[in-house]
Amino acid sequence: MKYILVVGDGMADRPVPELGDKTPIEAADTPNADRLAGAGELGTVLTVPRGVAPGTDTAFVGIMGYDVKKQYTGRSPLEAAGMGIDLPVGHTALRCNLVSITPGVKLGDAYMLSHSGGQISGPDGYELMSWLKAHPRFEERMRELNLELHVGTSFRHIVTMGEDYWEAALEQNLKVTPPHEILGEPVREHLPVGTIAYVLLDITKLSYELLPLHPINRRREEKGGMVANAVWLWGQGYRPDFIPWKEKFGISGSVITAVPLVSGIGFLCGLKSIEVEGATGELDTNYDGKADAALAALKGGDDFVLVHVEAPDECTHNGDSEGKVEAIARLDKMLGRILDGLDALGEEYRLLLLSDHLPTLHNRAHASGAVPYVLYDSRKDARAHRPFGERAAAETGQYLDSGMQLMPRLFEQE
């Protein structure tokens with residue numbers, strides 16, 4: 001038996017007026033997901049417990065079988081693991097977004113324009129942050145503050161803090177805000193609060209002064225685009241202790257994603273990470289490459305493979321309804337390629353398709369609520385006629401009140 005988890009990050013939504021009061025899933029062309037919805041178990045699942053901030057991080061911890069309320073220790077240590085960063089006991093990691101805020105004003109007067117530096121590309125993000133890290137003034141200030149910048153790609157980077165910050169950096173002592181939750185809002189109202197807030201502010205202010213000087217940002221400004229002109233620190237935490245999947249479920253496998261957060265969670269579960277050329281985390285990601293890599297992993301002996309597509313979530317945060325519909329349609333084509341390959345293998349399989357959490361185009365931010373899922377078993381056919389979507393899933397009455405139920409259900413270990 002082979003097991004496949006396909007996640008369209010943030011593809012769930014609420015009805016959108018410009019889409020004829022359909023959700024993006026309902027508006028998208030999804031023949032493959034619809035086929036699974038008719039043949040398999042269609043329902044809704046509350047992936048993020050009530051009272052916990054919704055997001056890819058909190059959703060995935062539960063989806064992968066861990067108790068978010070007890071074992072979640074922050075978003076950044078998960079991403080750090082995905083970037084291969086060794087986070088010692090007593091050290092803290094923070095997510096370091098390359099963002100776009102109002103240029104040419106005081107930091108407190110700026111607005112958050114883009115959480116992703118105006119959708120900065122991977123190579124440009126790497127070049128900008130490498131330049132910032134090596135800048136004499138920035139390097140000196142980071143050394144004085146006992147901080148280290150770990151350069152990633154695009155807008156996703158990590159800053160780590162030493163043991164001297166341990167207590168002050170705990171969530172209850174340092175309040176920070178995810179930049180994708182404050183799009184279009186004044187920065188002043190969401191600056192860090194706590195005894196070491198000045199540390200984060202120093203870095204943000206200095207980056208806001210230096211980054212506009214780089215040729216990449218000068219070119220972007222000349223073309224009338226957003227400049228990636230500041231860093232924003234948030235999501236602090238320390239390394240969690242997850243029981244590996246081999247011990248927890250008796251399962252081994254791989255993760256295919258362009259996002260360090262998801263590959264980091266996979267690494268902490270004991271799963272391998274497979275890199276796919278052209279996987280960007282955006283609408284232009286390599287869907288066929290992800291499908292082919294998943295099939296190759298299963299043919300090569302893996303019990304399980306997770307295929308994660310970030311594009312729907314990014315389109316949501318960018319307020320791009322047409323892009324979100326297109327991302328879901330492209331994911332569905334990828335799903336069809338996976339299904340064709342699985343059928344050609346001639347081996348029984350179970351496939352789980354879902355949205356990990358619920359963001360909304362209405363405000364470009366995350367919301368609480370259940371999301372649709374479909375669990376398909378190649379040995380069975382429910383012979384129903386229904387589409388894959390939020391309302392169709394709710395109408396079945398099939399409801400799971402915890403994301404932690406998903407993997408035991410997929411592996412038939414309930």
Side-chain angles (χ1 to χ4, degrees), residues 3-17 19-50 54-56 58-60 62-64 306-309 311-313 315-316 321 324-325 327-336 338-339 350-362 366-378 380-412 414:
Y3 304 98
I4 306 94
L5 170 61
V6 178
V7 178
D9 199 300
M11 67 178 175
D13 210 315
R14 293 181 175 141
V16 180
L19 297 177
D21 284 328
K22 294 181 178 181
T23 70
I25 294 177
E26 293 168 342
D29 183 23
T30 57
N32 296 295
D34 292 347
R35 177 165 69 89
L36 295 185
E41 173 187 298
L42 179 66
T44 59
V45 56
L46 188 67
T47 53
V48 181
R50 293 177 180 85
T56 301
T58 50
F60 255 98
I63 289 168
M64 300 302 275
L306 159 62
V307 185
H308 171 257
V309 175
D313 196 54
C315 289
T316 309
S321 58
K324 184 166 185 176
V325 171
I328 294 168
R330 293 185 188 184
L331 182 150
D332 188 78
K333 289 181 180 178
M334 180 196 76
L335 176 63
I338 292 172
L339 291 171
R350 288 167 65 83
L351 186 148
L352 175 64
L353 169 69
L354 80 155
S355 176
D356 59 331
H357 66 294
L358 176 67
T360 67
L361 283 160
H362 170 69
H366 295 156
S368 297
V371 295
Y373 79 89
V374 60
L375 175 58
Y376 172 74
D377 188 319
S378 65
K380 304 172 185 176
D381 188 343
R383 300 187 183 279
H385 297 281
R386 56 197 178 195
F388 177 67
E390 292 85 350
R391 279 176 279 213
E395 287 170 1
T396 67
Q398 173 66 35
Y399 172 71
L400 304 179
D401 62 7
S402 171
M404 291 180 66
Q405 298 177 57
L406 288 169
M407 288 305 101
R409 203 174 190 87
L410 175 64
F411 301 141
E412 298 180 281
E414 295 177 287

K.L.:
Taking side chain as C-beta onward, heavy atoms only, is Thr56 less than 4.5 Å from His357?
P.N.:
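Sidechains of His357 and Thr56: in contact.
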K.L.:
If you take all heavy atoms of Arg391 and Asp21, which pair is closest and at what distance?
P.N.:
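For Arg391 versus Asp21, the nearest heavy atoms are NH2-O, 2.8 Å.
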K.L.:
Does some side-chain heavy atom of Leu352 sit less than 4.5 Å from a side-chain heavy atom of Tyr3?
P.N.:
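They are not in side-chain contact.
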K.L.:
Give me the atom names and distance for the closest heavy-atom approach of Thr316 to Pro359.
P.N.:
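Between these two residues, the closest heavy atoms are CG2-CB, 3.7 Å.
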K.L.:
Counting C-beta onward and ignoring hydrogens, is there a side-chain heavy-atom pair between Leu5 and Leu406 closer than 4.5 Å?
P.N.:
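In short, these two side chains do not touch, never coming nearer than 4.5 Å.
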K.L.:
Could you list the residues that satisfy side-chain contact (heavy atoms from CB on, under 4.5 Å) with Ser378, not counting sequence neighbours?
P.N.:
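Ser378: side-chain contact (heavy atoms from CB on, under 4.5 Å) contacts with Glu348, Tyr349, Tyr376.
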K.L.:
So, using side-chain hydrogen bond (donor to acceptor under 3.5 Å, both in side chains) as the criterion, who are the partners of Asp377 when residues are at least two apart?
P.N.:
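side-chain hydrogen bond (donor to acceptor under 3.5 Å, both in side chains) list for Asp377, sorted by chain: Arg350, Arg379.
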K.L.:
Sequence neighbours excluded, which residues qualify as side-chain hydrogen bond (donor to acceptor under 3.5 Å, both in side chains) partners of Thr30?
P.N.:
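Only Asp34 meet the side-chain hydrogen bond (donor to acceptor under 3.5 Å, both in side chains) criterion with Thr30.
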K.L.:
Thr44 and Ala370: which non-hydrogen atoms are nearest, and at how many Å?
P.N.:
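Closest pair (atom of Thr44, atom of Ala370, distance): CB-CB, 4.0 Å.
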K.L.:
Under a 3.5 Å distance rule, please check whether Asp9 uses its side chain to pair with a backbone N or O of Asp313 as donor and acceptor.
P.N.:
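Checked: no pair found.
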K.L.:
Does some side-chain heavy atom of Val6 sit less than 4.5 Å from a side-chain heavy atom of Met334?
P.N.:
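Answer yes - side chains close enough.
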K.L.:
Ignoring hydrogens and angles, tell me if any N or O in the side chain of Glu390 forms a donor-acceptor pair with the backbone of Asp13 under 3.5 Å.
P.N.:
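A pair under 3.5 Å: yes.
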K.L.:
Can you give me the closest heavy-atom contact between Thr360 and Ala367, atom names plus distance?
P.N.:
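Closest approach of Thr360 to Ala367: CG2-CB, 4.0 Å.
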K.L.:
Taking the side chain as everything from C-beta on, heavy atoms only, tell me whether Arg35 gets closer than 4.5 Å to Val374.
P.N.:
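No. Closest side-chain heavy atoms not under 4.5 Å.
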K.L.:
Pro387 and Ala392: which non-hydrogen atoms are nearest, and at how many Å?
P.N.:
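For Pro387 versus Ala392, the nearest heavy atoms are O-CB, 3.3 Å.
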K.L.:
Is it the case that the side chains of His308 and Asp356 hold a donor-acceptor pair, with the cut-off being a distance below 3.5 Å and no angle test?
P.N.:
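Absent: no donor and acceptor within the cut-off.
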K.L.:
Which residues satisfy the side-chain contact (heavy atoms from CB on, under 4.5 Å) test with Gln405, sequence neighbours excluded?
P.N.:
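side-chain contact (heavy atoms from CB on, under 4.5 Å) list for Gln405, sorted by chain: Leu400, Asp401, Ser402.
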K.L.:
Using 0.5 Å steps for rounding, measure from the CD1 atom of Ile4 to the CG atom of Leu353.
P.N.:
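Output value for this atom pair is 11.5 Å.
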K.L.:
Say you draw a straight line from CD1 of Ile338 to CG of Leu331; how long is it, rounded to the nearest 0.5 Å?
P.N.:
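The CD1 atom of Ile338 sits 8.0 Å away from the CG atom of Leu331.
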K.L.:
Within this structure, what is the CG-CD1 distance for the pair Leu335 and Ile328, rounded to the nearest 0.5 Å?
P.N.:
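One finds 12.5 Å between CG of Leu335 and CD1 of Ile328.
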K.L.:
Restricting to side-chain contact (heavy atoms from CB on, under 4.5 Å), what partner residues turn up for Ser368, sequence neighbours left out?
P.N.:
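Checked Ser368 against side-chain contact (heavy atoms from CB on, under 4.5 Å); matches are Pro54.
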K.L.:
Are the side chains of Asp29 and Pro31 in contact, using a 4.5 Å heavy-atom criterion?
P.N.:
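Yes - at least one pair of side-chain heavy atoms lies under 4.5 Å apart.
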K.L.:
At what distance, to the nearest 0.5 angstrom, does CG of Leu354 lie from CZ of Phe388?
P.N.:
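It is 7.0 Å, given to the nearest 0.5 Å.
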K.L.:
Is there side-chain contact between Thr396 and Arg386, with at least one heavy-atom pair below 4.5 Å?
P.N.:
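SC-SC contact between Thr396 and Arg386 confirmed.
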K.L.:
Considering only heavy atoms from C-beta outward, does the side chain of Gln398 approach that of Tyr373 to under 4.5 Å?
P.N.:
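Of all side-chain heavy-atom pairs linking Tyr373 with Gln398, at least one is under 4.5 Å.
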K.L.:
Once rounded to the nearest 0.5 Å, what's the spacing between atom NZ of Lys333 and atom CG of Asn32?
P.N.:
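It comes to 10.5 Å.
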K.L.:
Could you tell me which non-hydrogen atom of Thr23 sits nearest to which non-hydrogen atom of Pro15, and how far apart they are?
P.N.:
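Distance-wise, the nearest heavy atoms are CG2-N, 3.7 Å.
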K.L.:
Just to verify, what does Ser355 make a side-chain contact (heavy atoms from CB on, under 4.5 Å) with, not counting sequence neighbours?
P.N.:
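Scan of Ser355 (side-chain contact (heavy atoms from CB on, under 4.5 Å), adjacent residues dropped) gives Met11, Ala12, Val371.
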